Protein chains: 2
Amino acid sequence: MLEYIILGLLMEGPMSGYEMKKTIDSSVGLFYRASFGSLYPVLKRLADKGVLSVAEAEGGRNKKEYTLLPAGKEQFVSWLAEPLPVSRNEVLLRIFFYDYLDEDTRQARLSEYENKLESEMRRLQAVQEIVAGELEHIEHPENYFTACPC
Amino acid sequence: MLEYIILGLLMEGPMSGYEMKKTIDSSVGLFYRASFGSLYPVLKRLADKGVLSVAEAEGGRNKKEYTLLPAGKEQFVSWLAEPLPVSRNEVLLRIFFYDYLDEDTRQARLSEYENKLESEMRRLQAVQEIVAGELEHIEHPENYFTACPC
DNA sequence: GACATCATGTAACCAGTTACATGATTAG
DNA sequence: CTAATCATGTAACTGGTTACATGATGTC
């Protein structure tokens, strides 16, 4: 699983392990949690397999930059094209048993969860607006430099 | 996870390991798959912990019947009352990357999945109708024996 | 008598987590 | 100079999977 997420992130360009963790948390964080303890060993394994390459990144810190190799891209796309799997869903599983919960707790848990989903949705919508704005600049390159805050 | 599903199934009454597997497949099968290789060791562990009791079931076969003990019921309900977790969802994860998939494959995978969900929904609706019918008999016990096909 | 199904169990393996260790760089 | 954050990594453990072994019972 994590193997393919890593490949997927690298489709956009090279990245370090630490950056991957941050990107995962802030994008698919609602339905996938990555830990460093799994991340780094997987990166090593993927490098050994030859689907990505490693380079020391500049910056003085012990930072490494991983780059997707053609073999990795191929593997990622063929994974992506597979039929959508029957996937485990702990939330639905609990709700399946909600008959055994008293009405009050049930209501409390469900609205709690609804709130969580709504705040996550707002966060993702904000990201989408930023991305849409960037795309507009790319499509109208004449505005690109004038609008840049740097 | 599986620990709590087992406790949840036993809330309805005693059952064997083999029956649990069948029940899981035909109820929460769409979002949880159990294997015998995990089921039996967990049952043993739960018995050792004292949350359920084991008895040889009649029928000649090497069949065991597991019964929920009060400690198990308590544990199950307090698990159920916990806030709904951030749970992994492989389907959403793949769809997150669907930008990298060509339009045709994407469409194919999505309608494939939609069909799967719809057929599962029909199956569960059929189950619901059966259960609703049974409930009606319990509420009108005068019809209970007359309507029984046996 | 052969084959499907019922029924339990084990061993090798795999993916991931938690907790920890280590050290460099930046911000106040 | 100190605390936060950047950055990588390891070891012990957990919760599962797959594949296999074993044998009983029902069905054609």
Side-chain angles (χ1 to χ4, degrees), chain A residues 1-9 14-26 28-29 31-49 51-67 75 79 85-90 93-94, chain B residues 1-9 14-26 28-29 31-49 51-67 75 79 85-90 93-94:
Chain A
M1 186 77 285
L2 184 51
E3 266 191 37
Y4 295 107
I5 299 172
I6 290 172
L7 298 181
L9 293 177
M15 206 183 266
S16 73
Y18 193 82
E19 284 164 343
M20 284 178 203
K21 165 88 163 97
K22 281 204 303 180
T23 308
I24 290 170
D25 288 349
S26 64
V28 291
F31 41 90
Y32 194 92
R33 296 232 162 276
S35 67
F36 286 123
S38 53
L39 197 55
Y40 288 114
V42 170
L43 282 170
K44 190 169 186 303
R45 200 168 67 223
L46 289 174
D48 291 346
K49 272 204 282 184
V51 295
L52 49 80
S53 66
V54 201
E56 295 293 320
E58 85 288 358
R61 306 192 190 205
N62 180 24
K63 187 177 173 179
K64 294 176 180 174
E65 211 173 44
Y66 297 90
T67 307
Q75 211 171 297
W79 168 77
V86 172
S87 81
R88 189 162 297 189
N89 188 329
E90 201 179 330
L93 203 46
R94 260 179 220 244
Chain B
M1 187 77 285
L2 184 52
E3 269 194 34
Y4 294 107
I5 299 173
I6 290 173
L7 298 181
L9 292 177
M15 206 184 264
S16 74
Y18 193 81
E19 285 165 343
M20 285 178 203
K21 165 89 164 96
K22 279 205 305 182
T23 307
I24 290 170
D25 289 349
S26 64
V28 292
F31 40 90
Y32 194 92
R33 296 232 162 276
S35 68
F36 286 123
S38 55
L39 196 56
Y40 288 113
V42 171
L43 282 170
K44 190 168 186 304
R45 201 169 65 223
L46 289 174
D48 290 347
K49 272 205 281 184
V51 295
L52 48 79
S53 66
V54 201
E56 294 294 319
E58 85 286 359
R61 304 191 191 206
N62 180 25
K63 189 178 173 180
K64 294 177 180 174
E65 210 173 44
Y66 297 89
T67 308
Q75 211 171 296
W79 168 77
V86 172
S87 80
R88 189 162 297 189
N89 189 327
E90 200 179 329
L93 203 46
R94 258 177 220 244

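In this text the structure is predicted, and so the values were computed from the model without any measurement. Convention: sequence-line order gives letters A, B, ...; per-chain numbering from 1.
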Peer 1: To the nearest Å, how far apart are B:Met15 CE and C:dT8 P?
Peer 2: 12 Å
Peer 1: Tell me the interatomic distance from B:Ile24, atom CD1, to D:dG16, atom P, rounded to whole angstroms.
Peer 2: 10 Å
Peer 1: Using a heavy-atom cut-off of 4.0 Å across all strands, would you classify A:Lys44 as base, sugar-phosphate, or nothing?
Peer 2: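 Since no nucleic acid heavy atom lies under 4.0 Å of A:Lys44, the category is nothing.
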Peer 1: Is the number of heavy atoms from other residues, nucleotides or ligands under 6.0 Å of A:Lys44 NZ greater than 12?
Peer 2: no
Peer 1: Round to a whole Å and report the spacing from CG of B:Asn62 to P of D:dA24.
Peer 2: 10 Å
Peer 1: Which pair of non-hydrogen atoms, one from B:Asn89 and one from A:Ser87, has the smallest distance, and what is that distance?
Peer 2: OD1-OG, 3.6 Å
Peer 1: Can you check the B:Tyr40 OH to D:dT18 P distance for me, whole Å?
Peer 2: 16 Å
Peer 1: Find the distance B:Phe31:CZ to D:dG16:P and express it as a whole number of Å.
Peer 2: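 Atom CZ in B:Phe31 sits about 16 Å away from atom P in D:dG16.
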Peer 1: Please round to the nearest 0.5 Å and tell me the distance separating atom CG of B:Leu2 and atom CG of A:Leu93.
Peer 2: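 Reported to 0.5 Å precision, the distance equals 9.5 Å.
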Peer 1: OP1 or OP2 of D:dT8 less than 4.0 angstrom from a side-chain nitrogen or oxygen of A:Lys21, does that happen here?
Peer 2: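 For A:Lys21, the contact criterion (side-chain N or O under 4.0 Å from OP1 or OP2 of D:dT8) is not met.
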Peer 1: Produce a footprint string for nucleotides 13-20 of chain C: one letter per nucleotide, 5' end first; B if the base is under 4.0 Å from any protein heavy atom, S if only the sugar-phosphate is, - if neither.
Peer 2: ---SBB--
Peer 1: Might you point out which heavy atoms bring B:Val54 and B:Ala47 nearest each other, and give the distance in Å?
Peer 2: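 Heavy atoms only, the tightest pair is CG2-CB, 3.7 Å.
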Peer 1: Expressed in angstrom and rounded to an integer, what is the separation of B:Tyr18 atom OH from D:dG26 atom P?
Peer 2: 14 Å
Peer 1: Checking B:Arg94 side chain against A:Trp79 main chain: does a donor-acceptor pair fall under 3.5 Å?
Peer 2: yes
Peer 1: If you only use heavy atoms from C-beta on, which nucleotide in C:dT8, C:dT26, D:dG9 is closest to the side chain of A:Lys64?
Peer 2: D:dG9
Peer 1: Rounded to the nearest Å, what distance is computed from the CG atom of residue B:Asp48 to the P atom of nucleotide C:dG9?
Peer 2: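 To the nearest whole Å, that distance equals 12 Å.
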Peer 1: Return the value, rounded to whole Å, for the distance between atom CG of B:Leu46 and atom P of D:dG16.
Peer 2: 11 Å
Peer 1: On the ring face of B:Phe36, is B:Lys21 found with NZ or CZ under 6.0 Å from the centre and within 45° of the axis?
Peer 2: yes
Peer 1: Contact class for A:Tyr66 (heavy atom, under 4.0 Å): base, sugar-phosphate, or nothing?
Peer 2: sugar-phosphate
